Amino acid sequence: MKKIQMVDLKGQYEKIKAEVDKGIQEVIDNTAFINGPAVNRFRENLEKYLNVKHVIPCANGTDALQVAMMALGLKPGDEVITANFTFIATAEVIALLGFTPVLVDVDPHTFNIDIKAIERAITPKTKAIVPVHLFGQSADMEAVMELAQKHNLFVIEDNCQAIGADYIFKNGSRKKTGTIGHVGCTSFFPSKNLGCYGDGGAIFTNDDELANQLRVVVNHGMVVRYYHDYVGVNSRLDSIQAVVLDAKLKHLDEYAAARRYVADYYDKAFANCDKLKTPFRAVNSTHVFHQYTLVTSNIDRKALQDYLASKDIPAMIYYPVPLHMQKAYVDPRYKEGDFPVTEKLCETVLSLPMHTELDDEQLKHITENVLAFINK
Ligand SMILES: Cc1ncc(COP(=O)(O)O)c(C=O)c1O
């Protein structure tokens with residue numbers, strides 16, 4: 001049996017090696033390392049794939065979020081609402097820019113931002129909502145957009161974990177996650193569903209004016225060469241990463257299907273296990289399974305993780321600590337117990353290996369061992 005990994009980037013690379021190697025060599029040969037034709041090609045292909053007017057490539061997903069907030073013209077002291085159960089980057093950029101992160105709890109089924117909790121958190125200082133499409137499934141975007149419209153707020157989608165997922169509107173129409181709010185952000189970190197071989201990110205919008213401002217902010221606030229009208233940042237996707245992403249973009253739907261195959265296998269294996277809750281699949285979103293995350297109950301999660309490790313099966317906890325209990329984010333507004341769903345999830349979730357290269361032999365080994373621990 002092949003070694004089981006949380007993510008198998010080598011196996012995936014072997015299948016696209018010829019195209020990736022040729023593309024990388026071309027970049028080296030033509031030396032257009034920054035802003036070369038490869039970046040433009042990928043940008044256009046991603047715009048087509050997402051059916052969005054503008055993609056602005058940048059250096060990583062954290063920058064994408066930061067640049068989006070800078071370009072929207074938010075001011076220090078403005079309140080930005082986001083989900084408590086997420087990777088730190090979402091709240092980090094809000095804090096870094098001097099805005100006030102307002103944390104809200106999540107839905108116990110989807111793990112995505114709780115709409116009622118958003119509504120309760122809105123104040124006259126609120127300027128934006130950042131829904132996170134966690135683990136590969138869309139937040140309830142129709143409800144988020146309705147609230148945003150009602151209160152005149154910007155919506156910045158953190159789509160770092162869900163590229164390729166479809167949000168399904170009540171009328172049956174679909175849009176790619178990240179293209180529904182005013183602006184969407186993604187990460188091309190290697191382990192992401194569309195990952196490069198280094199760091200990368202992108203920002204999406206259908207708003208022409210905002211797109212121009214995003215392009216200015218990622219490029220040192222420069223409107224005319226060497227004339228800086230704004231304080232910006234330097235955030236670029238390099239050509240070598242663009243070549244890798246362009247090769248992988250052609251396979252993104254196939255990759256999602258491979259991930260869903262793994263999720264279906266796990267779902268079936270654990271269907272009758274009352275100590276494991278398999279991922280909920282919302283009717284208003286397709287799921288691209290960035291992670292396959294179980295909620296455990298009445299078992300010692302650490303002991304399960306250790307048992308799996310002894311069988312060469314990695315398993316990870318995304319995420320072990322709610323944002324309001326992170327040392328850097330301790331805030332007198334919040335105390336332990338304020339976010340019961342997030343706090344419970346942090347104590348009980350466990351993510352199993354999830355990637356495009358898992359085979360039945362590995363899946364059998366993983367599921368049999370999870371059940372062996374639980375039934376012993
Ligand atoms: C939800 C979420 N937001 C933001 C980020 C930040 O992306 P990056 O690591 O590319 O900066 C990530 C990924 O790491 C993420 O999972």
Side-chain angles (χ1 to χ4, degrees), residues 6-7 9 42 46 55-70 80-97 99 101 103-104 106-107 110-113 128-139 141 144 155-165 177-178 181 183-204 217-218 233-238 241-242 244-245 248 259 279 285 287-293 316-323 326 328-329 342 345-346 349 351 354-355:
M6 281 306 283
V7 180
L9 297 174
F42 169 63
L46 188 57
V55 165
I56 294 94
C58 65
N60 55 66
T62 310
D63 275 10
L65 289 161
Q66 178 176 337
V67 167
M69 289 179 204
M70 290 171 76
V80 179
I81 296 174
T82 196
N84 194 332
F85 191 53
T86 179
F87 179 60
I88 197 70
T90 323
E92 182 179 54
V93 295
I94 301 171
L96 193 69
L97 290 168
F99 314 148
L103 303 174
V104 298
V106 295
D107 177 271
T110 63
F111 313 148
N112 279 323
I113 197 159
I129 307 170
V130 187
V132 182
H133 306 311
L134 202 74
F135 301 155
Q137 188 165 236
S138 182
M141 283 308 293
V144 169
V155 174
I156 303 156
E157 292 177 73
D158 183 338
N159 195 37
C160 290
Q161 300 191 3
I163 195 158
T177 52
V183 57
C185 301
T186 208
S187 162
F188 301 128
F189 185 79
S191 64
K192 295 290 192 249
N193 289 34
L194 180 61
C196 54
Y197 295 167
D199 269 314
I203 314 161
F204 328 134
V217 175
V218 291
V233 296
N234 168 26
S235 190
R236 300 185 279 237
L237 180 75
D238 69 66
Q241 302 311 334
V244 174
L245 290 166
K248 287 174 93 172
R259 288 171 177 274
S285 176
H287 203 320
V288 293
F289 285 100
H290 178 56
Q291 300 297 343
Y292 184 91
T293 303
M316 299 287 287
I317 297 166
Y318 305 119
Y319 297 94
V321 184
L323 299 187
Q326 296 284 359
Y329 293 81
T342 298
L345 288 172
C346 290
V349 287
S351 297
M354 171 50 81
H355 56 79

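Just so you know, these numbers come straight off a predicted model, no measurement behind them. In each ligand, atom 1 is the first atom listed, and ligand 1 is the first ligand listed.
Residues Cys185 and Glu157 form no side-chain contact, since every pair of their non-hydrogen atoms from C-beta on lies 4.5 Å or further apart. Between Ile88 and Tyr329, some side-chain heavy-atom pair lies under the 4.5 Å cut-off.
Nearest non-hydrogen protein atom to atom 9 (O) of ligand 1 is Ser187 OG, 4.1 Å. In terms of protein heavy atoms, atom 14 (O) of ligand 1 is closest to Lys192 NZ, 3.2 Å. Distance from atom 3 (N) of ligand 1 to its nearest protein heavy atom, with residue and atom name: Asp158 OD2, 2.8 Å. Residue, atom and distance of the protein heavy atom nearest to atom 16 (O) of ligand 1 are Gln161 NE2, 2.8 Å. The protein non-hydrogen atom at the shortest distance from atom 12 (C) of ligand 1 is Phe87 CD2, 3.5 Å. Considering only non-hydrogen protein atoms, atom 6 (C) of ligand 1 sits nearest to Thr62 OG1, 3.4 Å.
With a 4.0 Å cut-off on non-hydrogen atoms, Thr86 touches ligand 1 through its side chain and not its backbone. Contacts between Val132 and ligand 1, counted as non-hydrogen atom pairs separated by less than 4.0 Å, involve the side chain only.
Between the side chain of Ser235 and the main chain of Val218, no donor-acceptor pair closer than 3.5 Å is present. Here the side chain of Lys248 pairs no donor or acceptor atom with the backbone of Cys196 at under 3.5 angstrom.
For ligand 1, the atoms closer than 4.0 angstrom to any heavy atom of Asn60 are 10 (O), 11 (O). Per-residue contacts place Ala89 under 4.0 angstrom from the following atoms of ligand 1 (heavy atoms of the residue considered): 4 (C), 5 (C), 6 (C).
In summary, of the residues considered (Thr177, Leu65, Leu134), a side chain to side chain contact (heavy atoms under 4.5 Å, CB included) with Asp158 occurs for Leu65 alone.
Taking each of Cys58, Gly200, Cys160 in turn, the one with a heavy atom nearest to atom 4 (C) of ligand 1 proves to be Cys160.
In this structure, a donor-acceptor pair under 3.5 Å is absent between the side chains of Thr90 and Thr82.
The minimum heavy-atom distance between His290 and Gln161, with the atom names listed, is CB-O, 3.1 Å. Residue Tyr319 comes nearest to Phe85 through the heavy atom pair N-CE1, 3.7 Å, listed as atom of the first residue, atom of the second, then distance.
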